Asker: 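Structure provided below as C-alpha cells; questions to follow.
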Amino acid sequence: MEFVFECGWCGGDNYFVGKQVGFWVDKWEIPSEWDCRFCDGLNYTHDPPWTEA
C-alpha cells in the first residue's frame, strides 16, 4: 500500500510503499526517517494513521 507524507520543510508530497508486517492486514512498515525528494530536508514519520495515496 502506498502512503503520502508532507515534508515539514517545503510542503512537498513524498510517497512511500509500506511493507506489510507479518500476517496483519492493517500493519505497515514505513521508514522512520526520510529525506524530502524536493528539498532534501530530513523528516520523521509520524505515528499512524497515515494518509493513503
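From a predicted model like this one, the values you see are computed outputs, not experimental measurements.
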Asker: Which residues end up grouped with Y44 if you chain together Ile, Leu, Val, Met, Phe, Trp and Tyr wherever their side-chain heavy atoms are less than 4.5 Å apart?
Answerer: L42

Asker: If you take all heavy atoms of C39 and C36, which pair is closest and at what distance?
Answerer: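 Scanning both residues, the minimum pair turns out to be N-SG, 3.6 Å.
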
Asker: Less than 4.5 Å apart, any side-chain heavy atom of I30 and any of F5?
Answerer: yes

Asker: Can you find a pair of side-chain heavy atoms, one from W28 and one from K19, that are under 4.5 Å apart?
Answerer: no

Asker: Considering only Ile, Leu, Val, Met, Phe, Trp and Tyr, and joining two whenever side-chain heavy atoms are under 4.5 Å apart, list the other residues clustered with Y15.
Answerer: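 Y15 shares its hydrophobic cluster with V4.
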
Asker: Which residues pass the side-chain contact (heavy atoms from CB on, under 4.5 Å) test with E6, sequence neighbours left out?
Answerer: D13

Asker: Side chains of residues 45-53: which donor-acceptor partners sit under 3.5 Å, not counting sequence neighbours?
Answerer:
from	atom 1	to	atom 2	distance (Å)
T45	OG1	P31	O	2.5
T45	OG1	W34	NE1	3.2
W50	NE1	H46	O	2.7

Asker: Is the backbone N or O of G41 less than 3.5 Å from a side-chain atom of N43, with the two atoms forming a donor-acceptor pair by type?
Answerer: yes

Asker: Can you find a heavy atom in the side chain of E2 that is under 4.5 Å from one in the side chain of F16?
Answerer: no

Asker: To the nearest 0.5 Å, tell me how far Q20 CD sits from M1 CE.
Answerer: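 Q20 atom CD to M1 atom CE measures 8.5 Å (nearest 0.5 Å).
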
